[in-house]
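Here the structure comes first, spelled out in structure tokens, and everything after it is commentary.
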Amino acid sequence: MSSAAPRVTDQDHPGPDHLWSVDEHLEDILATVRPLEPIELHLLDAQGCVLVDDITVPVSLPPFDNSSMDGYAVRVADVAGASEEFPAALEVVGDVAAGQAEPLHVGPGQAARIMTGAPLPPGAEAVVPVEWTDGGLGEGPVRGMRARSLGPEGATGHVHVYRPAEARAHVRAKGSDVKAGDRALEAGTVLGPPQIALLAAIGRGTVRVRPRPRVVVLSTGSELVQPDTELRTGQIYDSNSFALTAAARDAGALAYRVGAVADDAETLRSTIEDQLVRADLMVTTGGVSVGAYDVVKEALSHVGDEDEPGSGVEFRKLAMQPGKPQGFGSIGPDHTPLLALPGNPVSSYVSFELFVRPAIRTLMGLDDVHRPTTRATLAADKALTSPKGRRQFLRGTYADGRVTPVGGAGSHLVAALAHADALIVVPEDTESVEPGSEVEVVLLGR
């Protein structure tokens, strides 16, 4: 099933020399990527997925009045005025345990020993905690009950109650959590542990959701080697594929990392073709600029889907810094969307946040696909400068309405990302932002 809608044809697109804005590029991506088709999944398989339909409660929760304490089910009149000096003495008519099918009847002057979650027996109006009683031992207040296997006589005899109880004390009313016919969950809800618990509690074993998108991440570059191997001259460790795979998982996807691919177009094309079988979205990093070894651009510029007008991957220049070179399109028989990001670690990560994350959230079927933004006061030692005509995204830390740059305007270090929790947005028409000015901030990790 395709996760990309038909795109506009080449003649409708701007020319190759067009400088795309950030908003134009994102709009093209979100107009192409479409939510995955719903499927029915078992509850634990649906964790992290987005609910397709409203869920209505078929049966009230709890389905009956039940005790919220271990203690004794009593009639209010029988314990009125009870105290340690003048306790109420009641006949114990038996035990009411959770799951018991036929509860006892509590009459005047009687009590039933009851466990947490057990149904309130007919005739009883309240529950007194066992700590308010002598537990049937006649030796003053107790701290708890003896196990039934060790003291079966506790279900009979008499119990002394040392405090009064109001009607419905320590009783969870039928439907006090949710009532039959209530809406338990709304369509569009991301199913986490509390939502899974609620679905199970109301008797749902399966649920219709949009599946978590499968995202394949691969980096390119003959200089890249895997961590835990020895670096040779001219080599660096591949961090981009790890960063973007982790980011895709953080966004809600099932992400698969492919080892770095050397700068060879045929090898890259073959690797991508092999990975398409498990991809709803493909993300590459590196090889998209104007160099002689920019292999992604070489391998994918002329790869299209013959039966789909406007398909293939288009490489663009964006009016942004970092992240000017970008690629986007669809590839393979299922027209799988592909986003080609620059190889610089900061450029790659910023591009992911701006373009890939919204695409993943769109595939999930979420309405709000963007990170939250806020306005903050710039806390900096000097003005931030930006090339006119480009939107700049600087790393920063945000706290208490203030944002502080991290790593400097031109820093391309991975360390600058590791210490940032926000992006400072400098608009295209702004060449300088003075300390103390108000700026737009994208809040990462929220």
To the nearest 0.5 angstrom, please state how far the CG atom of Leu341 sits from the OG atom of Ser347. 9.5 Å
Pair Arg148 + Asp95: basic N to acidic O under 4.0 Å: yes
For the side chain of Ser348 and the backbone of Asn344, is there at least one donor-acceptor N/O pair under 3.5 Å apart? no
Between Arg208 and Glu40 (salt bridge meaning N to carboxylate O under 4.0 Å), is one present in this structure? no
Would you check if the side chain of His170 reaches a backbone N or O of Val127 as a donor-acceptor pair within less than 3.5 Å? yes
Between Asp280 and Leu363, is there a donor-acceptor pair closer than 3.5 Å when you use the side chain of the first and the backbone of the second? no
Below 4.5 Å, heavy atoms only, C-beta onward: do Ile202 and Pro58 meet side chain to side chain? yes
Spacing of Leu198 atom CG and Asp177 atom CG [to the nearest 0.5 Å]: 7.0 Å
Within a reach of under 6.0 Å around CZ of Arg143, are more than 12 heavy atoms found that belong to other residues, nucleotides or ligands? no
Please indicate whether Glu27 has more than 12 foreign heavy atoms, meaning atoms of other residues, nucleotides or ligands, lying under 6.0 Å from its CD. no
What pair of heavy atoms forms the shortest contact from Pro345 to Ser239, and how long is it? CG-OG, 4.5 Å
Do the non-hydrogen side-chain atoms of Val426 and Val439 ever get within less than 4.5 Å of each other? no
Quick one: does any side-chain atom of Thr336 pair with a main-chain N or O of Gly332 as donor and acceptor, under 3.5 Å? no
Report yes or no: does Glu24 contribute a side-chain atom to a donor-acceptor pair with the main-chain N or O of Ser21 at less than 3.5 Å? yes
For residues Ser386 and Glu431, is any side-chain donor paired with an opposing acceptor at under 3.5 Å? no
Within the 3.5 Å criterion, strictly below it, is a donor on Asp238 or Ser219 matched to an acceptor on the partner's side chain? yes
Checking Thr56 side chain against Arg183 main chain: does a donor-acceptor pair fall under 3.5 Å? no
Is the Tyr349 ring parallel, tilted or perpendicular to the Phe352 ring (thresholds 30°, 60°)? parallel
Please determine whether side chain to side chain donor-acceptor pair (under 3.5 Å) holds for the pair Arg257 and Ser241, giving the CA-CA distance in whole Å, both sets of side-chain angles, and the decisive distance to 0.1 Å. CA-CA 6 Å; Arg257 175 188 163 272; Ser241 64; 2.8 Å; yes
Could you state the interatomic distance from CG (Asp182) to OG (Ser60), rounded to the nearest 0.5 Å? 7.5 Å
Salt bridge or not between Asp250 and Arg371? Use side-chain N to carboxylate O under 4.0 Å. yes
Mind listing the closest non-hydrogen atom pair of Arg395 and Ala420 along with its distance? CB-CB, 3.7 Å
Would you confirm whether Arg212, through its side chain, and Ala253, through its main-chain N or O, come within 3.5 Å as a donor-acceptor pair? yes
Is the shortest side-chain heavy-atom distance between Val356 and Leu281 below 4.5 Å? yes
Is it the case that more than 12 heavy atoms not belonging to Leu231 sit under 6.0 Å from its CG atom? yes
Is there side-chain contact between Ile55 and Arg204, with heavy atoms separated by less than 4.5 Å? yes
How many angstroms lie between atom CG of Leu300 and atom CD1 of Ile272, to the nearest 0.5 angstrom? 4.5 Å
By side chain to side chain donor-acceptor pair (under 3.5 Å) - contacts of His25 (at least two apart): Arg316
When you look at Leu354 and Phe393, which way does the side chain to side chain contact (heavy atoms under 4.5 Å, CB included) test go after all the steps? CA-CA 10 Å; Leu354 295 179; Phe393 298 89; 3.6 Å; yes
Taking Asp263's backbone N and O only, do any of them form a donor-acceptor pair with Ser222's side chain (distance below 3.5 Å, no angle check)? yes
For side chain to side chain contact (heavy atoms under 4.5 Å, CB included), just list the numbers for Leu318 and Leu19, CA-CA rounded to whole Å, side-chain angles, deciding distance to a tenth of an Å, and then say yes or no. CA-CA 5 Å; Leu318 269 60; Leu19 187 64; 5.8 Å; no
Side-chain donor-acceptor pair present, Thr189, Gln195, cut-off under 3.5 Å: no
Sole residue of Val403, Ile424, Asp421 in side-chain contact (heavy atoms from CB on, under 4.5 Å) with Thr397: Asp421
Is the shortest side-chain heavy-atom distance between Leu41 and Cys49 below 4.5 Å? yes
Are Pro227 and Phe242 packed together at the side-chain level, in the sense that at least one heavy-atom pair is separated by less than 4.5 angstrom? yes
Just how far is it from atom CG of Asn66 to atom CZ of Arg172, taken to the nearest 0.5 Å? 4.5 Å
Heavy atoms, side chains only, cut-off 4.5 Å: are Met282 and Gln275 in contact? yes
Could you tell me if the side chain of Leu185 sits less than 4.5 Å from the side chain of Asp54, heavy atoms only? no
Rounding to 0.5 Å, atoms CG (Leu339) and OG (Ser351) come to a distance of 9.5 Å
Which atoms form the tightest heavy-atom contact between Gly48 and Met364, and what is the distance? O-CE, 3.5 Å
Would you say CG of Asp23 has more than 12 non-hydrogen atoms from neighbouring residues, nucleotides or ligands within 6.0 angstrom? yes
Between Arg168 and Asp65, does at least one N-O distance fall below 4.0 Å, as a salt bridge requires? yes
Does Arg249 use its side chain to pair, donor to acceptor, with the backbone of Ala255 at less than 3.5 Å? yes
Counting only N and O atoms by type, is there a donor-acceptor contact under 3.5 Å from the side chain of Thr271 to the main-chain atoms of Thr267? yes
